[in-house]
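Notes to accompany the following structure.
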Amino acid sequence: MSELIDSLQPRFEGLEPRPSSDHPAMQCPVGLLLPLIECLRDEFSYSLLCDVTAIDWEEESPRFSVVYHLYSVKEGRYVRIVTNCEDDENPSVPSIVALYPGANWHERETFDMFGIRFEGHPDLKRILMWDGYPYYPLRKEFPLAGIETELPDAEIAEETKAKVLPAPMMGGPFVAADGSPMSKSEPRAKDQSWTEWKKKEALGGNDLDK
Amino acid sequence: METQESQVGYNSKVEGDVIVTKVDAVINWVRKNSVWPMPMGLACCAIEMMGVAASRFDISRFGMEVMRFSPRQSDCMIVAGTVTYKMAPVVRRIYDQMADPKWVVAMGACASTGGMYRSYATLQGVDRIVPVDVYVSGCPPRPEALLDAMMKLQKKIEREPSFKSLNKETEEKRIWA
């Protein structure tokens, strides 16, 4: 399937094949993203946008990559396009809503979870978390348990004195076990109860820290 | 309605049958046998709740078949499912809109404690937002478990002072203390 990439490379300078275990994948310079996807849609019959998501590489630079999966209904095959965001602090890529209207909510979700701005999106706002939530939960530095913050509704927060609190990790979270391929290991509760161990002072001597 | 016929109806033979009892007993007997649930269906527990309402389990045996989707007409909120932080204020607001006296059943692991969702997005138990009367274990609970919880709630209603809602202020303080 590298024929596809071979035939595209002369037309799109900087387009590189990308290691992949399943479908043809290519690394695309951010400036060529829109013409490349338009070309794949119109000339190679990739008529269906399956997914838009992102990767956070944590320490590396460029830190954020945006991933697109296209599907050709006519020929029954997929292609994967990856592009890097130039800015690590305020990452952004051009929006493809004009090419695939279905990208609208995908891009909103990616913005919500990673904080990547899609330039030219008609209505870029959070879709899963509430408006005004201060963090991007799928970034690497964000802990699974969450960070303390206010409830979305100030009136209810005042009434109940409830807050958004980090979830307890006793007996959890449910993740695949370390050391084996995820396809072979059952997701199980990864016990992090040591984070919540406290000395039982009232009883005296029953010290869980030992 | 004061029609001529109803006047006649009231006057016939009723005077002979006199029952003496406590006000609490009568009011609570009425309340417990016509609980109108507010189905707060948020996840898969709601499917089991539908099963409870259908013919095999038949919640109407306990006088609770009138599921109202308006908080103004119901007095028992069944929180069936995962409560996210985004949804939590909505749940509380609907609870506030219900008329007193009112009760809350936390159905399933998620509504009771957050369940398997130990994450940044999930409220770790609906009792952080509303006062819960009965917790139901299970993921999701069988319909029998919900029926059992509703019978427990009936027993609870039976025992409580029927004018407790007049002391709502102190009641709230006790719960949030």
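Here is how names work: the chains are called A, B, and so on, in the same order as the sequence lines, proteins then strands, and each is numbered from 1.
The line from CG of Leu151(A) to CZ of Arg92(B) is 11.5 Å long, rounded to the nearest 0.5 Å. Atom-to-atom distance recorded for Thr160(A):OG1 and Asp96(B):CG is 9.5 Å, nearest 0.5 angstrom. For the atom pair CD1 of Ile129(B) and CD1 of Ile156(A), the computed distance is 7.5 Å after rounding to the nearest 0.5 Å.
Contact annotation for Tyr135(A): neither backbone nor side-chain heavy atoms come within less than 4.5 Å of a heavy atom of chain B. When heavy atoms are compared at a cutoff of 4.5 Å, Lys161(A) does not approach chain B at all.
Counting heavy-atom pairs under 4.5 Å between each of Val164(A), Leu165(A), Asp153(A) and chain B puts Val164(A) at the top.
Lys86(B) places no side-chain N or O within donor-acceptor distance of the main-chain N or O of Pro152(A), the cut-off being under 3.5 Å.
For Glu86(A), the CD atom counts as loosely surrounded, since its 6.0 Å shell holds 12 or fewer non-hydrogen atoms of other residues, nucleotides or ligands. Counting heavy atoms of neighbouring residues, nucleotides and ligands inside a 6.0 Å radius, atom CZ of Arg56(B) does not exceed 12 of them. Annotation for Trp130(A): atom CH2 counts as buried by contact number, over 12 foreign heavy atoms lying within 6.0 Å.
Between Arg128(B) and Ala162(A) the shortest heavy-atom distance is O-CB, 3.6 Å. Between Tyr85(B) and Lys163(A) the shortest heavy-atom distance is CE2-O, 3.7 Å. Between Pro168(A) and Arg118(B), the closest heavy-atom pair is O-NH1, 3.3 Å.
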